[in-house]
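Given the structure is predicted, the values throughout are model-derived calculations rather than measurements. Heavy atoms only: backbone and side chains are in, while hydrogens, waters and symmetry mates are out.
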Amino acid sequence: MNGAAPHFGAEAIRAVVGFEDLVEPVSAAFVDFSRGLGDSPVSVFAPAGADGDVHVKSAWLPGYPIFTVKVATWFAERARRGGSAGAGMVAVFDAETGDLRALLHDDHHLSDVRTAAAGALATRILARPDAATLGVLGTGVQAFLQVLAAAAERPIRTVRVWGRSHAAVERLTAALRTRRPDLRVDPAGTARTACAGADVLITATPSTEPLVEAAWLNPGVHVTAVGADDPGKAELSPACLLRADRVVVDSRALSAVHGDLAQARAEHVELDPAPAELGELLAEGAPARARPEEITICKLIGLGVQDLAAAAVTLERLSSGWLPANRPASMEDLRR
């Protein structure tokens, strides 16, 4: 490879790709991952303890002309200084020569949208077709995008938002109303209120203790849990997992050591049957809900193959100069 690899900044990346663009590529990546293709190693460490963690995720899959190495960070101090808590970049390499093809300094955007794409897929195959009420715990960009992703897959009409900061709740509520003026979006006074009667529940917080009790889960609810993505985090009580009729994960191996399932295992709670992988269900090509009253949970840790799919789409668009008709949803919506 001659010359320096191109460097693309967050503004350029946010302009060309949103979660909607990644739903099908991420679906294919999940299927390949669950078939045992390629590789997707993960390293997680926390230089600032509960206030700051780093995820290093790499991936390659057969058929891709590239492989990726992503460094994604989340630091509370960054947010306190006026930025967003999340940051990071994706290095894209040529799969044949190993040469660096590009640096995608995405400021966490690709992690955000590929996670939302996974949430859309979980909603597609697990939520009831008539799901109309959504509760969300959390007020950050992932809470914002996951609501939009679920509402793109189901006829959501009412959204209830809970968070510890009143100002953050108001900011998220305003951003959702702007993006989806057809939705009724209201603050919830407590986490339990947000859960009450929800057809879809999203948990997207950095909590290190369970926020949701099993008794709060409405029959027929689908839960997409994305916040607990390292060994020290948990949002769902072990009883929630035991009450669920079906628990789905993106990776059985990762969920055994990160997040809610790992916390449950530490308390000697074992699920029977073992969770299915999202890629396995997507490969079947049919809804995974057997009965309307089932309680389903999809626990997403995040896989490097999602970053690979996102980087491939993004690099193609950046190289071609393609721009969407409308600005994709991103963390910028929460700053406006």
>> Count I, L, V, M, F, W, Y as connected when their side-chain heavy atoms are under 4.5 Å apart, and connections chain through other members. Are L110 and V44 then in the same cluster?
In response: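 Hydrophobic grouping puts L110 with V44.
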
>> Listing request: all ring-ring contact (aromatic ring centres under 6.0 Å, His included) pairs with a residue in residues 50-93, at least two apart in sequence or in separate chains.
In response: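 Qualifying pairs, neighbours excluded: F67-F93.
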
>> Can you pull out every ring-ring contact (aromatic ring centres under 6.0 Å, His included) where at least one residue sits in residues 14-45? Sequence neighbours excluded, please.
In response: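 Every pair satisfying ring-ring contact (aromatic ring centres under 6.0 Å, His included) with a residue in residues 14-45: there are none.
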
> Around R243, counting heavy atoms of other residues, nucleotides and ligands shown, do more than 12 lie under 6.0 Å from its CZ?
Replying inline: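 Yes, enclosed.
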
For [X], enumerate each residue passing the side-chain contact (heavy atoms from CB on, under 4.5 Å) test, keeping only those at least two apart in sequence or located in another chain.
| X | result |
| --- | --- |
| R291 | D245, E293, E294 |
| P129 | none |
| V71 | V54, V56, T73 |

>> Under 4.5 Å side-chain heavy-atom separation, chaining through any Ile, Leu, Val, Met, Phe, Trp or Tyr, what else clusters with W322? Say none if it is isolated.
In response: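 Once heavy-atom contacts under 4.5 Å are chained together, W322 still belongs with nothing else.
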
>> Clusters formed by hydrophobic residues whose side-chain heavy atoms approach within less than 4.5 Å: which one holds L201, and what are its other members?
In response: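 Listed partners: L137, W162, L211, V212, W216, L217, V221, V223, L236, L241, L242, V247, V249, L261, V269, L271, I295, I297.
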
>> H105: which residues meet the ring-ring contact (aromatic ring centres under 6.0 Å, His included) condition with it, sequence neighbours left out?
In response: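 For H105 the ring-ring contact (aromatic ring centres under 6.0 Å, His included) partners, ignoring immediate neighbours, are H7.
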
Which residue pairs satisfy the side chain to side chain donor-acceptor pair (under 3.5 Å) criterion with at least one member in [range], sequence neighbours excluded?
| range | value |
| --- | --- |
| residues 122-134 | E24-R124, R124-E153, R128-D130, R128-D199 |
| residues 253-274 | D260-K299 |
| residues 31-49 | S34-E277 |

> Excluding sequence neighbours, so at least two apart, what forms salt bridge (charged side-chain N to carboxylate O under 4.0 Å, His left out) with R317?
Replying inline: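 With neighbours one apart ignored, the set is D21.
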
> So which heavy atom on V17 is nearest to which on V313, and how close?
Replying inline: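 Heavy-atom minimum between the residues: CG2-CG1, 4.4 Å.
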
